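This report refers to the structure that appears directly beneath it.
Computed from a predicted model, the values in this text were never measured in an experiment. Letters go in sequence order (proteins before strands), and every chain restarts at 1.
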There are 2 protein chains.
Amino acid sequence: MARRTTIYDVAREAGVSIATVSRVFNSLPRVDEETRHRVLQAASSLGYAPSIVARTLTGKQSRTLALLVPDVRNPYFPEVTLAVQRAVHAAGYSLLLLNAPGGAEQEEQYVAALRGRHVDALVVAGGSVHDTRNRPAWLDRYAMHRPIILINADLEPPASGPVARRWARVLVDEKAGAIKAVQHLVSLGHRRIAFLGGPAHLYPTVVKHQGYLEALTLGGIDPDPELQVFGEFSGTSGLEMATKLLSLPSDRRPTALLAANDMIAAGCLQAARDRGVLVPEQLSIVGFDDVFVNSLLWPPLTSVAQSYEEIGKAVVRLVGQMQMATSDGSDETEAADNTLRTTLVVRIDPTLQVRASTGPPPG
Amino acid sequence: MARRTTIYDVAREAGVSIATVSRVFNSLPRVDEETRHRVLQAASSLGYAPSIVARTLTGKQSRTLALLVPDVRNPYFPEVTLAVQRAVHAAGYSLLLLNAPGGAEQEEQYVAALRGRHVDALVVAGGSVHDTRNRPAWLDRYAMHRPIILINADLEPPASGPVARRWARVLVDEKAGAIKAVQHLVSLGHRRIAFLGGPAHLYPTVVKHQGYLEALTLGGIDPDPELQVFGEFSGTSGLEMATKLLSLPSDRRPTALLAANDMIAAGCLQAARDRGVLVPEQLSIVGFDDVFVNSLLWPPLTSVAQSYEEIGKAVVRLVGQMQMATSDGSDETEAADNTLRTTLVVRIDPTLQVRASTGPPPG
DNA sequence: TTGTAGGCGTTATCAA
DNA sequence: TTGATAACGCCTACAA
């Protein structure tokens, strides 16, 4: 491995001290224009790039984030992974990727492996943080030391004080999304609208379900328990749930399905096709997340879309804020803490992408 | 941010020098069992973990790899990303993820951002390395300094010598895979087998196409130019290509389709359904890559499957080998170079996953 | 078996 | 405006 060119090499080449080179590369003030030029010259001729590793060691940020997901193969996560990676790189950070399909234990294990790596923050995009039954213990432990960002998991920081200052959230208002979806269906004339959720104990299911109920009530429709089913966030589960719903006697059968994600929705399409039910003529289907692979489906799904780009940007913004709040010795008064608490949560409003899978009910 | 506990803290707590602590954590020989115990004790009570950053600075590996893909949202890449990440973590490495959908320029840009990060190796899983028309220039430049691993891109190292020692490949024998697929179809009785490729200038398309032609010849079937079409590696493209093929007059129409990846194959399913063609009764379809989201499709695709796990393991093995060859001052003779050249390419044999999308031809 | 001290590439604090 | 020099946390001869 050809030896890495160092700040010393550049200093020698430019005929200055390493301190000066450092100043140039950190664009600090008081350095002569002519000198700066000479340094830059030398640096580029030598192909010099400062070592982030050494820089980190002096106590600065590592400019590295870690992103924890349960499984990148699940179409939702590539979306957020891509978006976060992009935003993060645009801000000069790098992104470590962690897949922990094995639940809280594995998450903890992976996160532990991060310990010597000086990551500036951990971004958690899913997994056991979504479980409404028990809060993963490792989360709070981790936040005692380093900043954390939760995507779409509304867990409160365990206390105020230092850890509250390292606990940020970006929340997509999926309840509002569900409401928009239902209202769209209602406005098309649907009255029998079913909800097909993921596991009932997962936060994303719960919120969407709430929105569904609320919107029905708003629309003057009585929620029918028979039309609310729960399963997995998968295509096969969607297939099963939809099949069950579609085999109800015609007067109790739904004319529209609101699926808690696009994989479930894809399963619904499947089920409809299997039973010769035309979409959207005889059945409308709405999905959630508006993921990339929707391009594989026909008809393309109407889906509640969140701006992944916004999520990515929110992440880097939050990281920045937390770094400020922790490093620059800004006043740690209660007042400051309180403003932080509010500013450390970013809310994102989803929009409804209307496509070909929805239309007026039959008849 | 609570100050990180250092080797000094542990040393003090255990009443030894930092050198001893270091020895313990690097499991070096000659350290008294009792001392070792005391150190470990102190370390765990303090929650100490060695700083990989500082360690890296002393000239050792950073135990960090970078993985470059064009777009994680494309179902093939999550598979390799997941597998590589797993294998890599199991070996104590971390993985930086880079998405460069923007072609060679963006790839180069992203890779440049890696410069100060001391990554041990760059793993390239796709992108402009697949373009058979021109070899990305940044690749060779990069390999002049740091080790590189190509997944499924058969680019030779530019020369022997140092850079050859940093140029590894893991190659899935997709030609053999295509042959297996065709032979499967032939053995079912198919004679009119179509090939639906991605872009004709991409390596994956080329190899699979070669296998297709070879297998036909082997089976005593004359390749029909009309049955060989090229498009994109996407569902919509697959839909278009398949639609064209299925609208051929019945005597020239294929009874089986070999798609160059599963997204194309998904498009084929689509096309068949649109035209009321039953799969597999009237049309057999084979895909490539056997990706996760196949679970969304019906019928499940027969597909040429590669062991992603093997790919991941190969990657860490290769990284290890390259580190040996570069660091331990092993003899850099021509002979050593030659053995390295052969050992730095791992070949993986795909298998055919037979599922419900293939069957005997009609009639 | 254990400790001392120099070095890894930067940044930051003082002087000059 | 610039240059010495001490950290940063760890590894590694070399001594003891």
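By the ring pair (Phe, Tyr, Trp, His ring centres under 6.0 Å) test, B/His118 is found to be paired with no residue, residues two or more places apart in sequence or in another chain being considered.
Direction change of the helix axis from one end of the helix from C/dT1-D/dA16 to C/dA16-D/dT1 to the other is 40°, with five pairs defining each end axis (rounded to 10°).
In this structure, B/Leu57 CG and A/Thr56 OG1 are separated by 9.5 Å, a value rounded to the nearest 0.5 Å. Between the OG1 atom of B/Thr6 and the OH atom of B/Tyr48 there is a distance of 7.0 Å, given to the nearest 0.5 Å. For the atom pair CZ (B/Arg165) and CG (B/Leu344), the distance works out to 10.0 Å, reported to the nearest 0.5 Å.
Within residues 29-40 of chain A, the residues that have a heavy atom under 4.0 Å from DNA chain D are, in order of number, A/Arg30, A/Val31, A/Asp32, A/Thr35.
A/Arg135 CZ: more than 12 foreign heavy atoms inside a 6.0 Å radius.
Between B/Arg166 and B/Arg146, the shortest heavy-atom distance links the atoms CD-C, 3.6 Å. Smallest separation of non-hydrogen atoms from B/Val170 and B/Ala314: CB-CB, 4.3 Å.
The backbone N or O of B/Val72 sits less than 3.5 Å from a side-chain atom of B/Asn99, completing a donor-acceptor pair.
Ring geometry for B/His89 against A/Tyr110 counts as tilted: the plane angle lies between 30° and 60°, on a 0 to 90° scale.
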Checklist entry - What's the verdict on side-chain contact (heavy atoms from CB on, under 4.5 Å) for A/Leu65 and A/Val315, showing C-alpha distance, side-chain angles and the deciding distance? => result CA-CA 10 Å; A/Leu65 305 184; A/Val315 165; 4.3 Å; yes
What side-chain donor-acceptor pairs closer than 3.5 Å can you find for residues 35-44 of chain A, not counting sequence neighbours?
residue : atom : partner : partner atom : Å
A/Arg38 : NE   : A/Glu34 : OE2          : 3.2
A/Arg38 : NH1  : A/Ala14 : O            : 2.6
A/Ser44 : OG   : A/Gln41 : O            : 3.3

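In this structure, a donor-acceptor pair under 3.5 Å is present between the side chains of B/Ser94 and A/Arg117.
Where DNA chain C meets chain B (any atom under 4.0 Å from a heavy atom), the bounding nucleotides read 5' to 3' are C/dT1 to C/dG9.
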Next on the checklist: For a quick check, with a 4.0 angstrom heavy-atom cut-off, what is the B/S/- contact string for nucleotides 9-16 of chain D, read 5' to 3'?
Outcome noted: BBBB----
